[in-house]
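For reference, the structure discussed in these notes is given below.
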Amino acid sequence: MIDPVLPTYSRAPLSFVKGQGSWLVEADGRRFLDLGAGIGVSALGHAHPALVQTITDQAADLWHVSNLYHIPQQQALAEKLTGETFADTVFFTNSGTEACELAVKMARKYWFDKGHPDRVEIITFDGSFHGRSSAGIAAAGSEKMTKGFGPLLPGFTHLTFGDHDALNAAVSDKTAAILIEPIQGEGGVRPVPDQCLKGLRDLADQHGALLIFDEVQCGMGRSGKLFAHEWSGISPDIMMIAKGIGGGFPLGAVLATENAALGMTAGTHGSTYGGNPLGCAVGLTVLKIISESDFLNEVNRKAGLLRQKLEGLIAAHPDIFDSVRGSGLMLGIKCKAPNMDVVNAGYDQQILTVPAADNVVRLLPPLNISDDDITTAITRLGAAAQTLS
Ligand SMILES: *Cc1c(COP(=O)(O)O)cnc(C)c1O
């Protein structure tokens, strides 16, 4: 008999009843150190006092109004986001894949309004992940995500990650946009080198194509900058965000320059829930905290500490681990043992990590994880590795 919950997930035999900072409490009372943070969602950990306060206050005032009306919380969050980034304008969604939907629509509408309705092609890369909507799976293109779900949304060209020749050959005057994660998450924590992001910007400019960054996972302070592309000094025309921005409340957004957004006039897009007062109130508190330079300095310091300790861990268990990669507090341990074995052994040591492609174990701790918890994490990962040796 089918489970009352549609069985699309293979779940670990754990269920959590409470969260506090970087820790989750299991129904049986055991405490787990959370280095997954809901796949990078709980950027400020669990039950952060400022977020609890914000959502409680807002819930007492007003949960939801339609986008038929002005929503001041949306306005405030949009102003803060545009103030902190390349963007001139923001549309709010409830998730990452809805942001992908709009990014694709926006790029195509741009060319349509410019008098090039046939300029629809969007270039993407293997190993990418843009969510599970029809546009998201067509953009990623992998068999794992698309098989059985055809006919797929047409117009996507998938290139091998890092193949510069293929990229140069593929971009043409039919290219509406290039869509890329500055650091691939699901694909195995694969950063795009800063030089390559610059090269992408140049290539897009040569052909007039739009550049779309998917910072759903690598954005919101994860890399040690507010957005990962800032390390490269260039910026996109359109950017998708979600995950960390809501700190656990479902919230996403598309950020765009005024030019890229030129086709998105009244009536061209909408969302019932997107940008509701609860989500935007929480989002603004998250963004205020994360965008502080002291906060990001601490992320970078902790990232250095974690990375250094991980190098030691890998050296101590060369039969289990291979190497560490990533940026800031978005780190991947390339494993020699099967990555799921490492994740499962971690459960036995009461530490949560997240598998990714390419036999990688992902670490996406809360950005405000303490130094003590980093030390505990390394001890527990070491104990997990010991049981696999
Ligand atoms: C998680 C993720 C998405 C999809 O976000 P949802 O909120 O699950 O729809 C899109 N892109 C990237 C890079 C992601 O990590």
Side-chain angles (χ1 to χ4, degrees), residues 6 8-9 11 35-43 91-107 122-142 144-146 149 153 156 158 161 177-192 197 211-223 227-229 236 238-255 271 273-276 279 282-283 286 326-332 353-358 360-365 367:
L6 190 73
T8 58
Y9 301 104
R11 299 173 194 267
L35 264 57
I39 317 193
V41 166
S42 306
F91 181 94
F92 292 104
T93 68
N94 311 288
S95 67
T97 206
E98 284 169 273
C100 179
E101 293 292 316
L102 173 55
V104 167
K105 284 177 70 175
M106 187 182 281
I122 295 175
I123 291 176
T124 62
F125 298 88
D126 69 3
S128 66
F129 183 79
H130 305 294
R132 302 298 193 130
S133 64
S134 289
I137 64 173
S142 67
K144 187 177 157 218
M145 270 185 288
T146 60
F149 296 117
L153 184 67
F156 292 93
H158 306 104
F161 185 82
I178 303 167
L179 164 58
I180 192 165
E181 295 158 77
I183 307 169
Q184 282 193 349
E186 306 300 309
V189 192
R190 295 199 291 180
V192 180
L197 283 184
L211 186 59
I212 307 173
F213 287 162
D214 180 343
E215 293 227 15
V216 168
Q217 193 163 147
C218 63
M220 287 306 294
R222 203 32 71 194
S223 73
F227 292 102
H229 70 264
I238 300 172
M239 178 167 73
M240 304 148 48
I241 67 171
K243 292 205 166 90
I245 178 71
F249 193 92
L251 180 65
V254 174
L255 285 67
S271 168
Y273 295 117
N276 92 355
V282 174
V286 172
S327 175
L329 288 174
M330 180 169 181
L331 295 173
T353 58
V354 184
D358 203 23
V360 163
V361 168
R362 246 181 305 176
L363 308 181
L364 306 162
L367 300 179

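From a predicted model like this one, the values you see are computed outputs, not experimental measurements. All values below come from the heavy atoms of this structure, side chains included, with hydrogens, waters and symmetry mates left out. In each ligand, atom 1 is the first atom listed, and ligand 1 is the first ligand listed.
How far CD of Glu215 is from CD of Gln217: 11.0 Å, rounded to the nearest 0.5 Å. Here CG of Leu179 is found 10.0 Å from CZ of Phe213. Values are rounded to the nearest 0.5 Å.
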May I have the N/O to N/O pairs between ligand 1 and the protein that fall below 3.5 Å, each with atom names and distance to one decimal?
residue, atom, partner, partner atom, Å
ligand 1, 5 (O), Gly96, N, 3.4
ligand 1, 7 (O), Gly96, N, 2.8
ligand 1, 9 (O), Gly96, N, 3.4
ligand 1, 9 (O), Thr97, N, 2.8
ligand 1, 11 (N), Phe129, O, 3.1
ligand 1, 11 (N), Asp214, OD1, 3.4
ligand 1, 11 (N), Asp214, OD2, 2.7
ligand 1, 15 (O), Gln217, NE2, 2.7
ligand 1, 15 (O), Lys243, NZ, 2.6

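By the 4.5 Å heavy-atom criterion applied to side chains, Glu181 and Arg190 are not counted as neighbours. By the 4.5 Å heavy-atom criterion applied to side chains, Ile212 and Ile180 are not counted as neighbours.
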Which donor-acceptor pairs under 3.5 Å do the side chains of residues 132-141 make with protein atoms, sequence neighbours left out?
residue, atom, partner, partner atom, Å
Ser133, OG, Thr97, OG1, 2.8
Ser133, OG, Glu101, OE2, 2.5
Ser133, OG, Gly136, N, 3.1

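Between Glu186 and Arg362 there is a salt bridge, with a side-chain nitrogen of the basic residue lying less than 4.0 Å from a carboxylate oxygen of the acidic one.
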